[in-house]
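Shown next, in C-alpha cells, is the structure this report addresses.
Since we're looking at a predicted model, the values are computed, not measured.
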Amino acid sequence: MRMCRSALQSTRVGRRLSNIGTCRFSTGIRGGRIEERRLRALVVHPRLPGAKEALLSWDASEAVSLARAAGWDTGAPWEDKGEAAASSSEEEDSDELSGDVDAIDDVGAYIARLERVDPRFFFHLKELCRVAVQVARHGADLLFVNASLSPVQQRHLEAAMDLAWRAQRRQQKHDMGTSDINQSRIAVFDRARVVLAIFARRASSTVARLGIELAEAQEVKAKLGAGMVSGVTSQLQQVAHALGRLPGCDKLALLPRSGGARGVTTSFTSSPQITRQKQQRAIDEKRSRLREEIARLQSARGSRRQQRSRDERQTIGLVGYTNVGKSAIVNRLTSSDLLVEDGVFVTLDVASRRCVLPSGRECYVLDSVGLIQGLPINVCEAVQATVQEMHEADVVLHVRDIAHPAREEQAELVREVLADAKIDMERVVEVWNKADLVMQKEVRHLHYLHQQKDPTPVYTVSALTGSGFPQFLEGLQKLMEDLAIKAVPGFQSSNAVQVPQSGWCTVRMPQDLSKNQASDLWAFLHSDSAADASVSTDEVTGEVRVTVRMSDSARARFLKRFGPGMLS
Ligand SMILES: Nc1nc2c(ncn2[C@@H]2O[C@H](COP(=O)(O)OP(=O)(O)OP(=O)(O)O)[C@@H](O)[C@H]2O)c(=O)[nH]1
Ligand SMILES: [Mg+2]
C-alpha cells in the first residue's frame, strides 16, 4: 500500500492541479494502472431574499448543468441520499446541523436558504456547518457555490473545507482502515470560476487557452490581495465541532495543531508584505505577457473579420442565453451541422456560416457563445469575441427560449450585455425559439404583451420543426435590405437616390459603353443581382438588355454608381 501511495503522489493526476480546469481525479493504482474517477462536486445553490421562488429549481438545475459541463460528477454523492439519512439519523437527532439532507433537491443541488450574505464565509455559521458536513459526509472533492464569492469569502470557505477534508479522511480511515482516497484538499468554486473551468476544459484555440491562463493569474492576484485567513478561529472551531460528530471524527483532531487552517500556517522566509509584493509583481509580469500574446493573436482574428466585410456580404449575428437554440437556428438557416446539445456552453467559440436568403442574396450567419448570469465577461476571451462580433454584425438576432420559465430574466441579461456593448438596438431583432413547446394561445398572448412594450416585430420559430422560418426569412431579408439602403452614401441627404421597390428591372446597356465600363457593369450585376438574369439584344438598335431581379439596396447602389439612365 505504501508503494501505491508514493506512486500515486508522484503522478500529476494523483494531486489535483491548482489549474481551474481539472476535472479528473485519481483514486489509486490497481493492477499497475491508475484508476481515475470524475471529481465529485457538492453544488450549493444559495436562496437569497428577493429571488423568485418559482425559479428556484430552474436556477439550481442550471448550477448543476454548469457543474456537469465542467466535467464534474454531481449525481453520485446524492444517490444514497435516503441511506445516508437513515444511517446517520441518530446523530441527526442529536444535532440539526449535520442533518438537512432534504435540502438537496431533485436536481441534485443543496439549497441553502440565507437571510443575507455573510461577508466572511458567504454562509451564516449554521449553514456553513451544514455545508461542511454535507461535503464531508458525501466525500465531495469540491464545493461549488452558485454565486459570486469575494476573495476573502473564498479563502475562508477554503479554510472551512480543509476541516471537511480532514473529516473525510478520518471517516474513510474509520470505515475502510485507510485514508488513501482523496489525497487532495477540497477546492471552492464560485459561478465565475466554474464558467472558467468549463472554458478551460474545452478551450480549443490558443487564444482561448491564453485567456484562461490570464483569468487564472487575475484570480491568484485577487487572492493575494485578500490576505490571510484571520479573525475566524471561533467560526472554524464551530465547523470542527459539527464535523466532529461524524463517525470516526473528533473536533480536536480536525483542527490543525497550530490552531489555524490553510493560509494561517503558511510560513514565510521574508516578511509577508515583501513576499506578497514579489508574488504580485511576478503575476503582473505574467499578465502583461499574456495580454500581449492575446492581442497579437486577436489581430489575426480581426483580419478574418475584415475579409468578411470586404466581400460585401452582410452579417447576421446570433446572441442569446445559453441553451436557447442558437446553434440549432444557424444549422437550419445554413444547412450546417454545428453541435447542438441540451446543456450549457455547448458552443465555446464564434462560428461563421454562409446563408442564402430567399432573394438569392448571400450573407454570413454567426453562431456565438451563449450568455449566462454571472458570466465573467471581462476575463473570458471567447465571450468578449462574441460581443465584438455582435458589434460588427449588420443584424443581431436575439434568440430566446420562449418555453423557458426564466425567459424574461434571461432576455433582460442579454439586453444588458448588448446595451453595455453599445450595440445599436435598431439592429436587434428578437427571435422566439422552441415555439413547438408552447401552446399557440400562449404565444399569441406573449406577442400581445410584447407589443404593448415594444412595437418592433418578433419572429416565433421552432428550429426543431422549422415552423415560422418562411416568415422569419422574409422579415430578415426585408430588414437587411432596409439597413443596406441606409448604409448607401447619400441616403436621406439632399441628393439621395430615389429607391423604387425591389423586384424585376431591366438594365439597358448602350452600345457606346467603354470596355472598362461594360466589365464594371457586368461585375456589379453578377455579384449583386445576377440570380435569374436573362439577356436579350434589340434587333433594331443592337442595345443589350439585361433583365434582373434587384433588391432595394442593390438598386440603390446601382443608381449611385451608374446613374438612372440605364435602369428601367
Ligand atoms: N423543442 C425544441 N428544442 C430545441 C429547439 N431548438 C433547439 N432545441 C434544443 O435545445 C437544446 C439547445 O440547443 P442549442 O442549439 O445547442 O442551443 P445554443 O443556444 O446554441 O446553446 P449554447 O451553445 O450552449 O449556448 C438542444 O437540445 C436542442 O435540440 C426547438 O425549436 N424546439
Ligand atoms: Mg450553441
Side-chain angles (χ1 to χ4, degrees), residues 1 4-5 8-9 13-18 22-28 35-44 67 72-81 83-85 87-88 91-92 95 97-101 103-104 108 110 121 123 127-145 156-189 229 235-257 260-263 265:
M1 183 52 69
C4 285
R5 198 181 305 171
L8 178 64
Q9 282 167 346
V13 281
R15 287 167 288 124
R16 185 179 311 140
L17 302 174
S18 65
T22 310
C23 64
R24 289 197 181 276
F25 177 66
S26 165
T27 56
E35 285 205 344
E36 282 190 17
R37 67 166 169 80
R38 286 197 297 154
L39 292 175
R40 274 189 202 150
L42 171 66
V43 180
V44 179
W72 302 329
D73 183 353
T74 58
W78 326 123
E79 277 162 19
D80 61 348
K81 205 159 85 170
E83 210 179 284
S87 65
S88 58
E91 294 119 44
E92 278 162 20
D95 187 355
L97 292 176
S98 53
D100 214 10
V101 278
I104 295 167
Y110 175 93
F121 284 97
F123 302 105
E127 197 62 73
L128 175 68
C129 292
R130 287 192 187 125
V131 168
V133 168
Q134 296 291 342
V135 165
R137 180 185 282 161
H138 296 293
D141 304 300
L142 56 93
L143 171 69
F144 166 24
V145 182
H156 288 159
L157 276 176
E158 278 168 0
M161 288 309 112
D162 266 6
L163 302 176
W165 173 72
R166 284 165 202 270
Q168 274 181 6
R169 286 168 63 96
R170 295 213 149 247
Q171 278 190 98
Q172 284 155 4
K173 215 167 193 163
H174 175 265
D175 296 345
M176 300 186 273
T178 171
S179 65
D180 253 7
I181 300 167
N182 198 358
Q183 295 281 327
S184 331
R185 302 205 161 184
I186 295 160
V188 177
F189 284 75
V229 175
Q235 286 89 338
L236 291 177
Q237 278 172 349
Q238 289 282 328
V239 174
H241 183 75
L243 289 164
R245 300 224 167 94
L246 292 171
C249 304
D250 78 83
K251 176 191 163 182
L252 292 176
L254 294 178
L255 286 168
R257 259 170 225 110
R262 184 165 26 151
T265 53

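In this structure F123 satisfies the ring-ring contact (aromatic ring centres under 6.0 Å, His included) test with no other residue, sequence neighbours excluded.
Judged by distance alone, the side chain of Q168 and the main-chain N or O of R185 form no donor-acceptor pair under 3.5 Å.
In this pair, H156 and F121 present their aromatic rings tilted. The plane angle is within the 30 to 60° band.
In this structure, CZ in R130 is found 5.0 Å from CD in E127, a value given to the nearest 0.5 Å. For the atom pair CZ of F189 and CG of L142, the computed distance is 5.5 Å after rounding to the nearest 0.5 Å. In this structure, CG in L143 is found 11.0 Å from CD in Q134, a value given to the nearest 0.5 Å.
Residues A67 and T74 come closest through the heavy atom pair CB-CG2, 3.4 Å. Heavy atoms only, all atoms of each residue included: L128 and A160 are closest at CD1-CB, 4.1 Å. A136 and L246 get closest at one heavy-atom pair: CB-CD1, 3.6 Å. Closest heavy-atom contact between V135 and A164: CG1-CB, 4.0 Å. Residues M161 and I186 come closest through the heavy atom pair O-CD1, 3.6 Å. Shown here for A132 and V239, the closest heavy-atom pair between the two residues is CB-CG1, 3.7 Å.
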